[in-house]
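This report refers to the structure that appears directly beneath it.
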Amino acid sequence: MLEITEGSHAVAKAVKMSRPQVIAAYPITPQTHIVEALADMVADCELDAEYITVESEFSALSACLGASAAGSRTYSATTSQGLALMFEVCFNVSGMRLPVVMTIANRALGAPLSIWNDQQDSIALRDSGWLQFYAEDNQEATDLHYIAYKVAENPEVLLPAFVCFDGFILSHTYEPVDMLSQEDVDRYLPAYKPVQRLDADDPISMGMYATPEYYLEFRYEHDQAMKRARNAINKAGKEFGEMFGRDYSALVEGYRLEDADTAIIAMGSLCGTIKDAIDEMRSAGKKVGLLKIRCFRPFPAEEIRNALSHVKRVAVLDKNVSVGAKGAVAIEVRDALYGKALPVLGYVLGLGGRDVRISDIRNIVSLAESGKGDQFYGLRTEVL
Amino acid sequence: MALGIGCSSRPGKAPNNKTGSWRVFKPKFNHEKCTKCGMCKTICPEGCIEESEDEFFIPNESYCKGCGLCAEECPSDAITMEQEEK
């Protein structure tokens with residue numbers, strides 16, 4: 001049913017219908033509305049879950065780790081400094097192969113303190129072994145939670161997942177969202193069946209120490225699981241499409257890319273703006289297309305290579321910067337296209353909540369056409 | 001030992017962990033010098049030196065960490081520590 005709802009509340013409803021058994025979270029702007037709504041649902045007996053109030057994000061994810069190890073479907077949400085505080089636990093959760101799902105309301109990292117949007121927080125955890133999905137709008141943000149649980153809990157995968165959506169830009173925006181019914185969600189997402197769990201009658205230990213003879217192999221297995229997640233996403237996304245009409249089987253999505261000379265690559269809400277900019281540029285006769293990356297981990301290198309086989313140049317827009325190098329997406333796209341004589345130009349933009357407008361996309365396409373890239377875009381040079 | 005998912009493990013005993021891999025130096029026993037006194041077995045903190053049928057002493061390489069105490073204490077200087085290539 002189509003509802004006009006705030007992004008955070010749409011996500012909270014999707015989480016509720018995913019029937020998590022344990023939720024542990026700590027409020028932080030701009031994620032607060034999600035966990036506030038979930039706390040209400042639990043208090044009002046609309047959701048039969050254990051809601052653990054904790055004193056920090058470190059504890060929030062630690063509680064989820066324990067609950068997931070005990071065999072529960074678990075949920076948390078955070079952003080920015082909160083996610084930074086979870087850093088250690090993130091590696092533990094993924095290393096123990098626990099399918100925790102966590103929403104990231106993407107926000108800049110301090111210092112300097114900023115509550116506004118960019119994607120530095122989740123990108124900083126790109127090596128942590130979590131699946132990473134990025135939503136363009138609230139419909140996608142909502143649906144990706146069901147997909148995330150389905151993929152994460154797949155016995156071939158068993159990895160935790162971030163569902164990232166841009167803080168404020170999506171989290172605090174009212175949009176029409178087609179909400180599934182509880183019956184639909186139950187059909188798509190059956191109860192979690194753990195492959196192994198903590199059980200006093202059949203004891204195991206998880207996350208034991210590994211000597212140098214074993215550690216490398218564990219990381220290899222972890223990486224293999226992430227590679228298998230590709231298929232699991234294809235399958236889970238296709239099934240979702242067949243049941244509800246919105247197909248998320250692909251890790252990337254092209255927009256007017258078929259005959260494009262310039263391909264723009266981006267993640268998250270930026271893609272909506274880019275699509276409008278492309279429509280304008282197309283009307284003016286410019287062949288521009290978009291390749292949206294919906295799934296950053298596992299990284300869809302092959303899909304990117306295939307999708308860009310015909311373009312003349314690629315402009316990658318990053319709402320993050322790996323300081324001292326480039327934007328993370330630009331680095332990885334260039335790596336995916338290794339060996340091809342195709343210019344890949346990176347633009348770091350929109351950090352700390354700086355708006356990116358249609359005119360900015362037009363300017364970036366012009367810069368790409370003149371071969372200028374690998375730069376911060378939109379700097380106010382007068383304050384430097 | 002096969003890998004458990006997420007480095008999980010069933011309850012077990014300490015000998016399940018083959019700690020011999022921590023070793024850098026490995027004791028080499030010279031049976032021509034050995035008087036079969038058994039000091040090496042007595043002194044071994046790992047308890048991994050066993051007496052064989054011919055009464056010579058042999059370290060279990062699965063657990064010997066190469067501490068070198070046996071070589072240090074051997075009254076006949078029959079044990080030398082040699083760097084192990086892995």
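Just so we're on the same page: letters track the sequence lines, and every chain starts at 1.
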Answer with side chain, backbone, both or neither: which region of [X] has an atom nearer than 4.5 Å to a non-hydrogen atom of chain B?
X	answer
A:Glu221	side chain
A:Ser205	both
A:Leu98	neither

If you tally heavy-atom pairs under 4.5 Å between each of B:Gly12, B:Gly6, B:Ser8, B:Cys7 and chain A, the highest tally belongs to B:Cys7

* Mark yes or no: B:Lys36 above the aromatic ring of B:Phe56, with NZ or CZ under 6.0 Å from the six-membered ring centre and no more than 45 degrees from the axis. =>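 Output yes; distance and angle both within limits.
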
* Asked: Do A:Arg126 and A:Phe296 meet the cation-pi criteria used here (NZ or CZ under 6.0 Å from the six-membered ring centre, within 45° of the axis)?
  ->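 Here A:Arg126 fails the 6.0 Å and 45° test against A:Phe296.
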
* Asked: Any donor and acceptor pair, going by atom type alone, linking the side chain of A:Arg19 with main-chain N or O of A:Pro190 inside 3.5 Å?
  ->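 No: the side chain of A:Arg19 does not pair with the backbone of A:Pro190.
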
Practice task
Give a yes or no on whether the backbone of A:Ala236 and the side-chain of A:Tyr188 come within a donor-acceptor separation of less than 3.5 Å.
Solution key: yes

